[in-house]
Amino acid sequence: MANFQTKIISILNTSSPFGESDAKDALDVALIMGSYEQTTHLFFQGDGVWQLIDKQDPESINVKNFLKTFAAFEFYDLEKIYVCKNSLVQRGLPIQFHIDNVQVLDNDDFSLSLSSSDIILRF
Amino acid sequence: MVYLCSTAAEKHGLIDSNNLSSTALINNEFIISGLGELVKLSLEADKVVQL
């Protein structure tokens, strides 16, 4: 593999998991960035927080459960995962996710963490 | 050169001149490429602007 410079890539997830393909596209980009050994952070905000909620059953609507792939984040060195606390509260969602190591941030800390990125891709 | 996402192109029935079919639908200035190219180009760019 060619020698690429390393940048801090942030994937900002704002889409719910199963309505459109945005969430799956975001996952694909995150995994490929990790494969290329780029420092990649994941952010979940707005309807994107639904991707982290536990006990979902997409198979019941004949949709493949790509959220199971989140369990592989560690193998792609995707270790920095942030969720917007305000988005969870607005949706009445618990701070209980189907993956570990999710940092719940208030708006200011969320923005601050995002601002440290070289590239931000929003899905 | 302008790079087109292979998944999106496939969804819209677009094929380029690299495809074996003789009915390429895309101008030669466009290339259908994958996520690896996205990574490479993103890392080489001074800025990445997403619309």
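Every heavy atom of this structure was used, including side-chain atoms; hydrogens, water molecules and symmetry mates were not. A note on names: the letters A, B, ... follow the listed sequences, proteins ahead of strands, and every chain is numbered from 1.
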_Could you see if A/Leu52 belongs to whatever hydrophobic cluster contains A/Ile95? Use Ile, Leu, Val, Met, Phe, Trp, Tyr and a side-chain cutoff under 4.5 Å._
yes

*asked:* Count I, L, V, M, F, W, Y as connected when their side-chain heavy atoms are under 4.5 Å apart, and connections chain through other members. Are A/Phe73 and A/Tyr36 then in the same cluster?
replied: yes

*Linking I/L/V/M/F/W/Y whenever any side-chain heavy atoms sit under 4.5 Å apart, do A/Phe123 and A/Ile53 land together?*
yes

_Nearest-0.5 Å distance, NZ of residue B/Lys40 to CD1 of residue A/Ile32_ = 14.0 Å

*Tell me, side chain or backbone of A/Asp28 under 4.5 Å from chain B's heavy atoms, or both, or neither?*
both

*Can you list the steps and then say if A/Ile9 with B/Leu43 is a side-chain contact (heavy atoms from CB on, under 4.5 Å)?*
CA-CA 10 Å; A/Ile9 317 292; B/Leu43 298 180; 4.3 Å; yes

*asked:* Out of A/Ile119, A/Val29, A/Asp118, return the one with the most heavy atom pairs under 4.5 angstrom to chain B.
replied: A/Ile119

_On a heavy-atom basis, which atom in A/Ser21 and which in B/Lys11 lie closest, and how many Å separate them?_
OG-NZ, 3.8 Å

*Atom CD of A/Gln96: over 12 foreign heavy atoms under 6.0 Å*: no

*Among the clusters formed by ILVMFWY side chains lying less than 4.5 Å apart, do A/Ile81 and A/Phe110 turn up in the same one?*
no

_Given heavy-atom pairs under 4.5 angstrom as the criterion, report whether the side chain, backbone, both or neither of A/Ile120 touches chain B._
backbone

*Which residue out of B/Thr7, B/Leu35, B/Leu38 racks up the most heavy-atom pairs below 4.5 Å with chain A?*
B/Leu35

*First locate atom OG of B/Ser42, then atom CE of A/Met33, and finally report the distance between them rounded to the nearest 0.5 Å.*
4.5 Å

*Would you kindly confirm whether A/Val63 and A/Leu27 end up in one hydrophobic cluster when ILVMFWY residues are joined by side chain heavy atoms under 4.5 Å apart?*
yes

